[in-house]
2 protein chains.
Amino acid sequence: MLSNAAQYAIRSILYLALYSSATQRIRTKKISQDLEVPQPFLAKLLQRLGGADLVSSSKGPNGGFYLNKTNRNKTVWDIIVTVDGTEKFNQCFLGLHTCSDNNPCPVHFNVSPFKQIIKKDFKGKTIAQFSEEIKKRGTVLSLKDFDALHK
Amino acid sequence: MLSNAAQYAIRSILYLALYSSATQRIRTKKISQDLEVPQPFLAKLLQRLGGADLVSSSKGPNGGFYLNKTNRNKTVWDIIVTVDGTEKFNQCFLGLHTCSDNNPCPVHFNVSPFKQIIKKDFKGKTIAQFSEEIKKRGTVLSLKDFDALHK
DNA sequence: CAATTTTAAGACCAAATAGTCTTTAATAGG
DNA sequence: CCTATTAAAGACTATTTGGTCTTAAAATTG
Ligand code: FES
Ligand code: FES
């Protein structure tokens with residue numbers, strides 16, 4: 001449903017929402033370590049996200065990535081659209097080239113409602129709202145600590 | 001969530017459930033045309049499915065693929081396991097290497113219930129039952145006719 | 001203004017998946 | 001039993017996605 005790149009992008013942006021600010025920028029190295037994502041790949045990805053105004057950055061000493069006001073008002077759906085485009089997400093579960101209630105495949109009515117709900121959620125909540133929820137509910141962006149504890 | 005191959009496999013097997021029998025075998029050429037799937041790719045795939053006892057076949061004139069009793073009592077889940085393995089299906093939506101209620105990612109509780117439902121459906125219903133449902137509800141395995149009508 | 005740190009940009013490489021082709025073996029029918 | 005027809009088997013190629021590396025440019029600091 002989502003490419004690796006899109007997954008990395010979502011997790012990185014939520015990470016930045018939680019831990020960065022205009023004065024507290026974060027280097028790709030730190031992000032990649034904390035999220036267990038390959039660093040050069042992440043760098044290229046964040047660069048793309050910067051172009052789409054989903055993240056902000058500054059170069060030089062104390063430079064790094066962060067989210068400004070505009071960035072925080074984007075949605076998870078915006079990230080998906082930028083990285084993967086909409087097609088992959090809207091596709092039929094069994095690969096028919098259009099997914100619709102008119103010509104439904106045998107699993108359409110099992111799968112489609114679920115996709116609608118998720119999509120609505122991704123479109124409706126801002127990154128800022130998402131990060132509030134994360135703080136409140138204690139969900140995680142990485143299993144690094146968990147892994148460290150159990151090895 | 002599913003590879004191309006798995007999607008082709010599911011559609012092909014449901015197709016065979018609907019239209020084939022031990023005496024009415026169907027050639028890969030016909031299947032590939034009706035489902036709009038590349039023929040050599042499908043041939044290789046059906047061969048694999050034959051090895052896993054999900055389809056039956058016979059060579060020579062009037063040969064082709066069909067489903068026997070055993071084949072018809074398999075489930076869609078069996079197909080997925082054979083073609084893709086379980087990992088891809090069970091993975092975390094945001095790419096964490098394990099998906100569980102203990103260390104949930106921020107979208108876990110939105111996504112996970114749905115996957116459980118779909119999975120249960122795929123495990124619980126046999127191919128035979130699925131094909132009955134298709135007949136009853138008029139769902140489709142291909143948009144070929146639809147396409148032909150609209151071009 | 002020079003040195004250093006960090007992202008930007010884009011060329012490059014690797015792995016997985018998707019898809020094709022060619023040769024062999026089995027079966028049915030004349 | 002010979003021929004035509006079909007799947008089986010497996011080597012091969014192409015495309016996409018994932019991932020790396022190198023060089024340039026911007027910003028900070030002394
Ligand atoms: S038509 Fe297959 S999921 Fe909608
Ligand atoms: S932990 Fe991410 S979907 Fe379950």
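Every value quoted in this text rests on a predicted model; they were computed, and no experiment measured them. Order of the sequence lines sets the chain letters (A, B, ...), proteins ahead of strands, with each chain counted from 1.
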Student: Look at the side chain of B:Thr28 and decide which nucleotide, out of D:dT17, D:dA7, C:dT7, has an atom nearest to it.
Tutor: D:dA7
Student: If you measure from OG on A:Ser21 to CG on A:Leu16, what distance do you get to the nearest 0.5 Å?
Tutor: 10.5 Å
Student: Between B:Pro38 and A:Gln47, just flag the one whose closest nucleotide in DNA chain C comes earlier from the 5' side.
Tutor: A:Gln47
Student: Any chance you could lay out the side chain to side chain contact (heavy atoms under 4.5 Å, CB included) test for A:Asn103 and A:Thr98, step after step, and finish with the verdict?
Tutor: CA-CA 9 Å; A:Asn103 281 64; A:Thr98 41; over 6 Å; no
Student: Could you give the CG-to-P distance, from A:Asp84 to D:dT17, as a whole number of Å?
Tutor: 9 Å
Student: Considering only side-chain heavy atoms of A:Lys59, which listed nucleotide, D:dT17, D:dA25, D:dG19, is closest?
Tutor: D:dA25
Student: Report yes if at least one side-chain N or O of A:Ser58 is closer than 4.0 Å to OP1 or OP2 of D:dT28; otherwise report no.
Tutor: no
Student: Between B:Lys44 and A:Ile26, which has a closest nucleotide on DNA chain C that is more 5'?
Tutor: A:Ile26
Student: Specify the separation, in whole Å, of atom NZ of A:Lys88 and atom C1' of D:dG18.
Tutor: 11 Å
Student: So, OP1 or OP2 of C:dG19: does either fall under 4.0 Å of a side-chain N or O from B:Asn4?
Tutor: yes
Student: Could you check which of D:dT20, D:dT29, D:dG18 has an atom nearest any side-chain atom of A:Ser3?
Tutor: D:dG18
Student: In terms of side-chain heavy atoms of A:Ser57, which of D:dT5, C:dA8, D:dG19 is nearest?
Tutor: C:dA8
Student: Between C:dT5, D:dG18, C:dC21, which nucleotide gets closest to the side-chain atoms of B:Pro40?
Tutor: C:dC21
Student: Return the value, rounded to whole Å, for the distance between atom CG of A:Leu49 and atom P of C:dA8.
Tutor: 11 Å
Student: I'd like to know whether B:Lys136 forms a salt bridge (Lys or Arg N to Asp or Glu O under 4.0 Å) with B:Glu133, so could you lay out the CA-CA distance, the side-chain angles of the two residues, the decisive distance to 0.1 Å, and finally the verdict.
Tutor: CA-CA 5 Å; B:Lys136 207 171 294 167; B:Glu133 252 188 46; over 6 Å; no
Student: Please give, in whole Å, the distance from C:dT5 C1' to A:Arg25 CZ?
Tutor: 13 Å
Student: Take the protein atom CG of A:Asn62 and the nucleotide atom P of C:dT4, then report the distance between them rounded to whole Å.
Tutor: 16 Å
Student: Considering only heavy atoms from C-beta outward, does the side chain of A:His108 approach that of B:Thr139 to under 4.5 Å?
Tutor: no
Student: Compare the minimum distances between each of C:dT7, D:dA27, D:dA7 and the side chain of A:Pro61, then state the nucleotide with the smallest one.
Tutor: D:dA27
Student: At less than 4.0 Å, is any side-chain N or O atom of A:Tyr8 found next to OP1 or OP2 of D:dG19? Yes or no.
Tutor: yes
